[in-house]
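One structure is given below, encoded as structure tokens.
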Amino acid sequence: MASRPGAAGRPGGRFAQFKLVLLGESAVGKSSLVLRFVKDQFDDYRESTIGAAFLTQTISLDENTTVKFEIWDTAGQERYKSLAPMYYRNANCAVVVYDITQASSLDKAKSWVKELQRQANENIIIALAGNKSDMVADSPDKRAIETADAEAYAREAGLLFFETSAKTSTNVKELFTAIARKLPLDQAGPRMRQNLRPGVDLRPETSNTQGAGPCSC
Amino acid sequence: MESLSDTTWDVVIAGTGIRQSLLALALSRSHKRILHVDQNKYYGGTEAAFSLEEASKWFDESQHISRCALRIEAIALWKNPHSEGLGSSRSYTLTLSPQLVYCRSAILAALVSSRLHTQIEFQAVGTWWIDRDRPVEVSESNKQNNDATDSHSGKGYAVAQPSGMLQKIPSTREDVFADDTLAPRDKRALMKFLRTVIMDPIPDAESNQDNPVPSALTTLSAMPPLLAQPLLALSMSYDSPGTVRTKSVVSRIRRHIQSVGMFGPGFGAVMPKYGGGAEIAQVACRASAVGGAVYVLGRGLAKLDEPRVQSAEAEASAEASAEASVEEVVRLELSDGEEIKARFVVGSAEDFPTGYIEGAAWKLNIDLVKIVHSISIVSSPLEHLFPPTAESGPVPAGAVVVYDGPDHKTTSGDDSVSKAGPVYMVIHSSESGECPRGQCVIYSSTVSSSEASEDENVQRLDDAIANLLAASPLSDSKSEVLWSLKYRLRGRPIDSDAGPVMSSKSARVMLFPVASVDPVFDDSILDGVKDIWKRILGDEVEESEFLKFVERTEDDEEGL
Ligand SMILES: Cc1cc2nc3c(=O)[nH]c(=O)nc-3n(C[C@H](O)[C@H](O)[C@H](O)COP(=O)(O)OP(=O)(O)OC[C@H]3O[C@@H](n4cnc5c(N)ncnc54)[C@H](O)[C@@H]3O)c2cc1C
Ligand SMILES: Nc1nc2c(ncn2[C@@H]2O[C@H](COP(=O)(O)OP(=O)(O)OP(=O)(O)O)[C@@H](O)[C@H]2O)c(=O)[nH]1
Ligand SMILES: [Mg+2]
């Protein structure tokens, strides 16, 4: 799909908005990663996501570059599989999550990557996140997927790759920042601003009161 | 995996078209257990949006699925053999639902009150143009659908007269005032019309014979055809100029004129980015999923077994017994054989098993009309069609060109000609997200006249586009159609009565009223959705709560 990031001019700064979708098997920690990233919280007993949830988070890459993520956290349970196309439609970036202590979850992640590469926006940026890295810190034998193996796969498939922990927040900020850096920000820069075409505001009375009155005929 | 049969669903919605999706949205905060299925492997049903590959798959499949034929039937898929200009499949989002949305449309208010508008980007539809009669010769051997080469343009049309035939249709008094092509007398006539059309309906104008103010309709009828024709085009109705003289036309023109300026200077209609109605439908489903609805693609309704309707006495005695607490449910079989139970089942005719509609003795005895449509990818951006709406207004992503070209010539060669209806071409620039930069997409449609052969009806669409491309300025000299898909849409005539929602004897199975063929978003869709929503929720809701949702506060956001 020919999706392009939204961008709004801000004097002296760059501001871009991107749609991000999280995919992966149930219980790998998608919602936990989002909760950590958005609210810096962690919850040992999270309920499985029903359907999907929507959140936003803004990060600053440097003094004058701000990136806003519109995040769609999808439900990993098989019964919600049909939902995914609605969420990755027009998405600029995706985080595909697996659990480094569950071998099957990487297979599922690979099938999501395949589906994204076949169906989603052609320029979509995909990051692979091996979550729950805290669990192998104390007991290395719990690890089911070697870092090197996942890394090799990610390189081959052209994905960003991180091992993360939503619990300790290891690499969570890094993951989203790396995505933000890889997004086509130049387009959101001065060049983009020139032919900026903001959409129509359906509630003009709440934002600008002049210039939009009814026609005089 | 928990199977679908373990739950007694409150509502099973079949099909993910715009109406079903709006119903899903309306129910999204009702805490009902909702299962939303679609027989297709994609969202949107007859309002879907496709990449090139998906479009050709849809074309191939629709050749042998008879069920879809109720509303929409593919006619032809064509790829320009002489051009390499097509982008990659997924750089296109081609929609079966290119309806314009007037700023006054109830759907926009509903999207705002349901807080969905923040998730959809609306773009302005700017100028309405009229492309007047121009000699067009089509040599039989060189129609678009065959591969014969041609020295001119590859399309086999005689190059039309120089441009200048494309005229902006004035729709405000400022427009009329600024138009130097109009004679003073014509300006006065137009001004008068614009004045009367927004006053109509004058209270009791009909009954008050002494009323000296002529109605807009009278004024319109009295106008010379050359002036009246462009105004008729603002109505976006398919009737041919000879046959339109109805009240509906006047109210449609009024809607156009009154919408201008509502959301910004210089435009009166909008379109959702990324595929029009398809985008609205998907965003609505997304909100429904956030509310917990379960979505299943690729599975439709295969069988319905309704609860037997009890006679009055049986009901009365049952009420006394414990049996009364056993809820009556519809037993359904999905196309993969899974059996499920639901309290209510809702869909449109094409979502029900073949034969069910007839079996239920629902009378769909409405005169349906047929409209032929084409979706054409054009090799140039046709920038001249998208002037800024106003000095400070947004750059439009849409434009409308109305072609009133020559009538059908009967194939027999004699000169008994029928007056054909206008061809509407809605042009989406690449800003719509539907095609790569440097190209545009033309959605054209015209009534499938019974007096002409189907080939001739379809040919009229090609003529209109050829004319438009021939009239584009020199900088766009390489304008050609790269790809096109043609289909036929069947539905209620524009502005005809939608009729009531139909429901089965048990009142558990409900059918949306037949959709109209309106090229403008039809607000009566919302009436059908609201009716069904109210039947499902009953006393739990007030009518006034339809699609009104409060903003979620931080406190509500537990659960994520
Ligand atoms: C269980 C749950 C937890 C959530 N947690 C968060 C969170 O932590 N942070 C966050 O920013 N957002 C969260 N959301 C999403 C949030 O409700 C909004 O969708 C989002 O914040 C946009 O807010 P809004 O005011 O623009 O629109 P909203 O008023 O939320 O409405 C946007 C559209 O989404 C639909 N919608 C939104 N929420 C629901 C719902 N609960 N049930 C049915 N339909 C709904 C509505 O139909 C509406 O049309 C959560 C949603 C759910 C269901
Ligand atoms: N130790 C540890 N546990 C985690 C981590 N991330 C998530 N969890 C736990 O794993 C469980 C599942 O996490 P969720 O975030 O709900 O998983 P999900 O991928 O959103 O699951 P679905 O919503 O069903 O698709 C929860 O009990 C979390 O507390 C992590 O980094 N480390
Ligand atoms: Mg989750």
Side-chain angles (χ1 to χ4, degrees), chain A residues 1-4 6 19 26 31-32 34-35 38-39 41 43 46-47 49-55 70 72-75 77-87 89-90 118-124 195-206 208 210-217, chain B residues 1-2 4 38 42-43 51 87-88 90-93 103 108 111-112 117 119 121-124 172-174 194-195 198 257-258 260-265 267-268 270 273-274 282-283 285-286 288-298 392 394-395 397 430-431 433-436 557 559-560:
Chain A
M1 251 141 256
S3 91
R4 235 167 276 128
K19 187 176 153 189
S26 185
S31 305
S32 301
V34 177
L35 189 69
V38 174
K39 297 193 174 161
Q41 291 169 0
D43 185 352
R46 277 213 76 72
E47 295 209 357
T49 305
I50 295 172
F54 174 77
L55 297 95
E70 295 177 20
W72 282 101
D73 173 21
T74 63
Q77 288 178 43
E78 191 63 24
R79 66 165 8 187
Y80 297 113
K81 191 177 178 348
S82 289
L83 277 177
M86 280 198 288
Y87 296 100
R89 177 169 200 247
N90 305 330
R118 220 181 40 233
Q119 309 273 15
N121 179 356
E122 292 173 284
N123 307 315
I124 192 165
N195 52 14
L196 184 69
R197 291 160 187 215
V200 173
D201 185 357
L202 298 190
R203 307 177 65 184
E205 73 279 12
T206 58
N208 85 36
Q210 351 122 288
C215 81
S216 51
C217 59
Chain B
M1 173 188 165
E2 200 188 336
L4 300 174
D38 196 314
Y42 51 84
Y43 284 95
S51 67
S88 63
R90 276 179 285 160
S91 54
Y92 298 92
T93 303
C103 295
L108 295 184
L111 292 176
V112 170
H117 67 293
Q119 300 187 24
E121 198 174 322
F122 281 95
Q123 297 171 312
T172 64
R173 298 213 281 176
E174 288 80 356
L194 292 177
R195 220 169 31 237
I198 53 170
I257 289 163
Q258 291 189 331
V260 176
M262 197 172 159
F263 291 138
F267 68 94
V270 294
K273 191 171 176 172
Y274 302 125
Q282 280 204 35
V283 171
C285 287
R286 229 150 63 186
S288 160
V290 169
V294 172
Y295 279 79
V296 177
L297 292 182
S392 57
V395 177
S430 64
E431 288 301 318
E434 294 171 12
C435 67
E557 290 175 355
L560 198 101

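Just so you know, these numbers use all the heavy atoms, side chains as well, and skip hydrogens, waters and symmetry mates. Please read all numbers here as calculations on a predicted model, not as lab measurements.
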Check your understanding: Which heavy atom of A:V200 sits nearest a heavy atom of B:A124, and at what distance?
Key -> CG2-N, 3.5 Å
Practice item. Please look at A:K81 and chain B and tell me whether the side chain, the backbone, both or neither of the residue comes under 4.5 angstrom of a heavy atom of that chain. Key: neither
**Study point:** Shortest non-hydrogen contact from A:Y80 toward B:A293
**Key:** CE2-O, 4.2 Å
Point to revise | Portion of B:A397 that has a non-hydrogen atom of chain A nearer than 4.5 angstrom | key: neither
Review point. For the residue pair A:M86 and B:C285, what are the closest heavy atoms and their distance?
Key: SD-CB, 3.2 Å
Point to revise | Heavy-atom side-chain proximity of B:T93 to A:R89 below 4.5 angstrom | key: yes
**Study point:** Sequence-distant partners of B:A289, side-chain contact (heavy atoms from CB on, under 4.5 Å), two or more places apart
**Key:** A:L83, A:Y87, B:Y295
**Study point:** B:F263 vs A:D201, side-chain contact (heavy atoms from CB on, under 4.5 Å): CA-CA, chis, key distance, verdict
**Key:** CA-CA 7 Å; B:F263 291 138; A:D201 185 357; over 6 Å; no
Practice item. Can you measure from OG (B:S88) to CD (A:E122) and round to the nearest 0.5 angstrom? Key: 3.0 Å
Point to revise | Non-hydrogen side-chain atoms of A:W72 and B:R286 separated by less than 4.5 Å | key: yes
Check your understanding: Who are the side-chain contact (heavy atoms from CB on, under 4.5 Å) partners of A:I124, not counting sequence neighbours?
Key -> A:A91, A:A94, A:L116, A:A120, A:N121, A:I126
